[in-house]
There are 2 protein chains.
Amino acid sequence: MVGMDFVPLGLATDLVILTVRDGRLQVLLIRRGIPPYVGQWALPGGFVRPDEDLETTARRELAEETGLSAERIHLEQIATYGAPDRDPRGRVVSVAYLALVPDLPVPVAGSDAASAGWIDVRDAGELAFDHGRILTDGVERARAKLEYSPLATAFCPPEFTISELRGVYEAVWGTPLDPRNFHRKVTKTPDFVAPAGATTTRDGGRPAQLFHRGTATTLHPPMTRT
Amino acid sequence: MVGMDFVPLGLATDLVILTVRDGRLQVLLIRRGIPPYVGQWALPGGFVRPDEDLETTARRELAEETGLSAERIHLEQIATYGAPDRDPRGRVVSVAYLALVPDLPVPVAGSDAASAGWIDVRDAGELAFDHGRILTDGVERARAKLEYSPLATAFCPPEFTISELRGVYEAVWGTPLDPRNFHRKVTKTPDFVAPAGATTTRDGGRPAQLFHRGTATTLHPPMTRT
DNA sequence: ACAAAAGTGTTCCGGCTACACCCATGA
DNA sequence: TCATGGGTGTAGCCGGAACACTTTTGT
């Protein structure tokens, strides 16, 4: 370890912001307005400010892009991407974060609202920079975590039905699940979900109980992806 | 996104190099010789060079510290640590990597050999900077990955017995496993290990078959950590 | 012969799968 | 009354836990 010789480089965070809308897993993308990669979709992101923690940067970007006061939003680091040529403008190392947000009726209200939108992850196609790779890694992280954590509730509003929760799993994994077995698994696992007391008929049919998040942090044994 | 305004900061990689020696999980630590944290144990690491990929930096550091030509060594990113005050000398963001190495008869031969050593992870105590946190995260990553991947073989020489492999699991997890069930699980899982043909009596008792790594990348269903 | 470790067979049991079945509402 | 989704019961199966037992070496 030599001295504090700083190589000139930029440090940024990029965000994979996922939600479930219309039964499909979607990601928030920005249409680039300036070179490089003009006109292509990219992940939202920005540079880390002096004396700003990495997660603080990510939360700030999240708030800027979605209008969500990012307090209660699930946010976790994915990985850091630092290939020397990943940005043609110069050396930029990016710490990628995964954010899971509920399907709120809040429109995308960033500084560049007209050019941002929710895109089906299956339709995302080629992204700017190495953002395709980052998106893939983020989606895979989300898929894996649903197996052994109660993370799916991060996609749900504060109160939700079991079948809404199942819809999250089905959208993220892209596979149908047995409603009856899913119901049993989720309600019998201690502290996975907690009954809210009320019921709703918003999904049609017999009224469904409403639940909110439980206190569990892991799922033993895990949910099985078929 | 403004221009390429680079905040002055250092970008480094730190390494959690784990091995299994004498049936215990050990980590390679460096005794610091210069401030800050003089005399305390720290993870090996160093700054990223211009135009150097992050993993290249990590492999270079690994080779410098262990003398291992790091080609065949398992190396994966853990996470990036960027709290503004994590280094009292200035802003240094560190990308941490996890390396798993076999128990080779190679002495630790770094630039600072006298002050480096293999330390039981349970005895590591307080480390310099936020390295304690990084070590914890790295060890937890290794523990988790043994469950659902054939990663334990990364701790083994090219040819190993089933009980040596079990020894890895027991050392990393800190719990004993049933030798009979472990043997069945490992040998019945397709492509987890492949018979090498030879046998050895180096563990005493009846000769044991030697195996090498299989081609499997995941373990379904996973190994259970009791 | 005996100790020690390798490897096999077998029983028990918990959890998942698949599906039959009943419940409570809106139209 | 019917369609729709909510929720329960249950039989069968798969895989892990536990452990008795046989095999093959060194001393």
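Naming: A, B, ... by sequence-line order, numbering from 1 per chain.
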Of the nucleotides D/dT24, D/dG7, D/dC19, which one has an atom closest to the side chain of B/Arg184?
D/dC19
Less than 4.5 Å apart, side chain to side chain, heavy atoms only: is that true for B/Gln26 and B/Ile119?
no
Rounded off to whole Å, could you give me the CZ-to-C1' distance for the B/Arg206 and D/dT25 pair?
9 Å
Using atom types as modelled and distance alone, determine if a side-chain donor or acceptor of B/Glu164 lies under 3.5 Å from a backbone N or O of B/Thr161.
yes
Please tabulate the protein-to-nucleotide N/O contacts below 3.5 Å involving nucleotides 12-16 of chain D, giving atom names and distances.
residue	atom	partner	partner atom	Å
D/dG16	OP1	B/Lys185	NZ	2.7

Would you say the side chains of B/Gln40 and B/Arg32 form a donor-acceptor pair under 3.5 Å?
no
Does A/Arg141 use its side chain to pair, donor to acceptor, with the backbone of A/Gln77 at less than 3.5 Å?
yes
Please report, rounded to the nearest Å, how far the C1' atom of D/dG26 is from the CG atom of B/Asp203.
13 Å
Just to be sure I understand the geometry, which residues of residues 169-179 of chain B put a non-hydrogen atom under 4.0 Å away from DNA chain C?
none
Walking along DNA chain C from 5' to 3', note the first and the last nucleotide with an atom under 4.0 Å from a heavy atom of chain B, and give both.
C/dA4 to C/dT10
Quick one about A/Ser94 and A/Asp14 (side-chain donor to acceptor, distance below 3.5 Å, no hydrogens or angles considered), yes or no?
yes
Look at the side-chain N and O atoms of A/His183 and state whether any lies under 4.0 Å from the OP1 or OP2 oxygen of D/dG6.
no
Atom CZ of A/Phe160 and atom P of D/dG6 are separated, to the nearest Å, by 14 Å
Round to the nearest Å and state the distance from B/Arg202 atom CZ to D/dG26 atom P.
15 Å
Tell me what B/Ser163 touches on the nucleic acid: a base, only sugar-phosphate, or nothing, going by heavy atoms under 4.0 Å.
sugar-phosphate
Side-chain touch A/Asp53/A/Thr57, heavy atoms, less than 4.5 angstrom:
no
With respect to the side chain of A/Arg180, which nucleotide from D/dG9, D/dG6, D/dT8 is positioned closest?
D/dT8
Is there a donor-acceptor contact under 3.5 Å from the side chain of B/Thr153 to the main chain of B/Pro150?
yes
Aromatic ring centroids of A/Phe129 and A/Tyr37 under 6.0 Å?
yes
Using side chain to side chain contact (heavy atoms under 4.5 Å, CB included) as the criterion, point out the one residue from B/Val27, B/Leu127, B/Ile30 that pairs with B/Trp41.
B/Leu127
Donor-acceptor pair, distance only, cut-off 3.5 Å: does the side chain of B/Trp173 make one with the backbone of B/Arg143?
yes
Under 3.5 Å, is there a donor-acceptor pair between the side chain of B/Glu170 and the main chain of B/Leu177?
yes
